[in-house]
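Not measured: the values here are computed from a predicted model. The basis for the numbers below is simple: all heavy atoms, side chains too, and nothing from hydrogens, waters or symmetry mates.
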Amino acid sequence: LFVDPVFTNPQAYGTVDLILAMYAYALVIYCDFSAYTDIAIGVADLLGYKFPRNFNQPYLALSLQEFWHRWHITLSTCGVIPGINKLAAEDLQLRLAVSLHGHTDAIREQIMAINKKYPVDDLIAALRAYQKKTGRRITFGYVLLKDINDTRQHARGLLKLIHGLHASINLIEYNPHGHAHFQASDRKTMKDFRWIIADRGFEVAIRFKRGRSIDAACGQLGTRLTP
């Protein structure tokens, strides 16, 4: 990468090279949709303004290449709070993808047994602390299940739960299998749910089925036993 050698040994380069490298550095952060604050911090660091070590670790990586690799690693979790807290303390600046699927304990426990150990309010509190420490956006996975978590009321409840977080939401179409009684929401319901969330400024994507015909879609792998 052009910017790595420039910032490793800036004395060997001219003013124009340094300016171009700073613009390039800011551009890659901007293209990652990481918010204007990240750009300001990154450029300021390049200009010599230092921040506390645990404030924004990627900018203190040994090279831009190391920073870039860390910045694009996403760790998925079902919501193990001690693990999230430990990760925050490591200053690794990884993205978190969290399987949420419900905005209350009553709903989430129908879908995810782990919620009995780590209730949803405690999970969100841990995620707020993680984001405050790292500045990283949180991605929530939310499978839409007919009459369980897919109504307009559920969408508004989700908005209330994650209010104030810098987050994106992946709405997932449920893929049925013989080991669960759930039913998929219809496409209109999914789109209405998406509109309610997106209208509040959150980035929302709908992940439709892929591989369902061969039982290889999301949630179907491993559900059919082979003798």
Any donor-acceptor N/O pair, [X] side chain to [Y] backbone, under 3.5 Å:
X      : Y      : result
Asn149 : His101 : yes
Asp105 : Val120 : yes
Asn85  : Ala126 : no
His166 : Gly135 : no

If you take all heavy atoms of [X] and [Y], which pair is closest and at what distance?
X      : Y      : answer
Cys78  : Ile114 : SG-CD1, 3.2 Å
Phe202 : Leu165 : CE2-O, 3.6 Å
Tyr130 : Ile84  : CD1-O, 3.9 Å
Arg136 : Gln131 : O-NE2, 2.8 Å

Starting at [atom1] of [X], measure out to [atom2] of [Y] and round the result to the nearest 0.5 Å.
X      : Y      : atom1 : atom2 : answer
Leu87  : Leu75  : CG    : CG    : 6.0 Å
Glu203 : Asn170 : CD    : CG    : 8.5 Å
Leu158 : His103 : CG    : NE2   : 8.0 Å
Leu145 : His181 : CG    : NE2   : 8.5 Å
Thr139 : Ile169 : OG1   : CD1   : 8.5 Å
Ile172 : Met190 : CD1   : CE    : 9.0 Å

Inset, instruction - May I have the step-by-step check of side chain to side chain contact (heavy atoms under 4.5 Å, CB included) for Arg152 and Asp192, ending in yes or no? - result: CA-CA 8 Å; Arg152 291 173 177 267; Asp192 287 347; 3.9 Å; yes

Inset, instruction - Identify the residue among Leu96, Leu171, Ile197, Leu100 that makes a side-chain contact (heavy atoms from CB on, under 4.5 Å) with Phe140. - result: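 The option that passes is Leu100.
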
Legend entry - Derivation and outcome, side chain to side chain contact (heavy atoms under 4.5 Å, CB included), residues Asp121 and Leu161: CA-CA 8 Å; Asp121 286 341; Leu161 180 71; 3.8 Å; yes

Legend entry - Min side-chain heavy-atom separation Ile162-Ile138 under 4.5 Å: no

Inset, instruction - For the residue pair Leu123 and Tyr118, establish whether any side-chain heavy-atom pair is separated by less than 4.5 Å. - result: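 No, every pair of side-chain atoms sits at 4.5 Å or beyond.
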
Inset, instruction - Just jot down the ring pair (Phe, Tyr, Trp, His ring centres under 6.0 Å) partners of Phe193, sequence neighbours excluded, or say none. - result: Tyr142

Inset, instruction - Tell me, with the steps shown, if His154 and Thr151 meet side chain to side chain contact (heavy atoms under 4.5 Å, CB included). - result: CA-CA 5 Å; His154 293 136; Thr151 67; 2.9 Å; yes

Inset, instruction - Decide if atom CZ of Arg128 counts as having more than 12 heavy atoms of other residues, nucleotides or ligands within a radius under 6.0 Å. - result: yes

Inset, instruction - Please step through side chain to side chain contact (heavy atoms under 4.5 Å, CB included) for the pair Arg187 and Glu173, ending with a clear verdict. - result: CA-CA 9 Å; Arg187 293 292 177 89; Glu173 184 176 27; 3.3 Å; yes

Legend entry - Set of residues satisfying side chain to side chain donor-acceptor pair (under 3.5 Å) with respect to Asp150, sequence neighbours excluded: Ser185

